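It should be emphasised that the depicted structure is a prediction, and the values quoted were computed from it without experimental measurement. FYI, the numbering just counts along the sequence from 1. FYI, side chains are in, hydrogens and waters are out, and symmetry mates aren't considered; it's all heavy atoms of this structure.
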Amino acid sequence: MPEPDDEIKQPEATTTTAAPSASANTTPATPVSTASASERVDEKATETEVAGVKKMLESGMAEMIDAKSNDTNKYLALHKTAPVGTIMQVKNTMNGEVVYVRVIGKLPDTGANDKVVVRLSKKAYQKLGAVDQRFRVELSYMP
């Protein structure tokens, strides 16, 4: 019984022809997948599909939501395209800190937001250990 399951999984991974010599093809396959992951980071937005679920990956600059309205202790965000209510993983690429935020609204299309992908609440900004007003982040979410 395990053999039919293995045969089904192999075509999905596109290694059906390499099944007899898996150890020979495992080493070259790993750098290829690593290279494609680094390519996703370089792009501004990438959509991948895993098990029928779409996952968005973005990288860009983040800033804090207007400093005057910092009266909340919640992890919140404004984003250009993510639907309101979306839970989004935000990773500070400088130090590797990660925080999960809830999208509470659309990021207005103004000059101040021209190069910003996401705006974060003060609490999320602090959790990420940001030292600059604008800093590079990687976003991951499912729309």
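- For the side chain to side chain contact (heavy atoms under 4.5 Å, CB included) test, residues two or more places apart in sequence or in another chain that qualify with Ala124 are Tyr75, Val99, Val101, Leu120, Ser121.
- Remark: the backbone N or O of Leu76 is not paired with any side-chain donor or acceptor of Arg102 at under 3.5 angstrom.
- When the side chain to side chain contact (heavy atoms under 4.5 Å, CB included) test is applied to Asn95, the partners found at least two apart in sequence or on another chain are Asn92, Glu97.
- In this structure, Val117 and Leu107 approach most closely via the heavy-atom pair O-CD2, 3.8 Å.
- Within the structure, ring pair (Phe, Tyr, Trp, His ring centres under 6.0 Å) pairs that include any residue of residues 81-121 do not occur (at least two apart or interchain).
- A donor-acceptor pair is defined here as one N or O able to donate and one able to accept, closer than 3.5 Å; such a pair exists between the side chain of Thr72 and the backbone of Lys74.
- Interatomic distance, CD of Glu58 versus NZ of Lys80, reported as 9.5 Å (0.5 Å rounding).
- When the side chain to side chain contact (heavy atoms under 4.5 Å, CB included) test is applied to Lys55, the partners found at least two apart in sequence or on another chain are Thr48, Leu57, Ser140, Met142.
- In this structure, Met88 and Ala82 approach most closely via the heavy-atom pair CE-CB, 3.8 Å.
- Met61 and Leu139 are not part of a single hydrophobic cluster, where members link through side-chain heavy atoms under 4.5 Å apart.
- Contact between Thr93 and Glu138 at its shortest, heavy atoms only, is CG2-CG, 3.5 Å.
- Considering only residues two or more places apart in sequence or on other chains, Lys54 meets the salt bridge (charged side-chain N to carboxylate O under 4.0 Å, His left out) condition with Glu47.
- Among residues two or more places apart in sequence or in another chain, the side chain to side chain contact (heavy atoms under 4.5 Å, CB included) test is passed with Val84 by none.
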Could you list the donor-acceptor pairs under 3.5 angstrom formed by side chains in residues 128-135, with sequence neighbours left out?
residue : atom : partner : partner atom : Å
Arg134  : NE   : Glu63   : OE2          : 2.7
Arg134  : NH2  : Glu63   : OE2          : 2.8

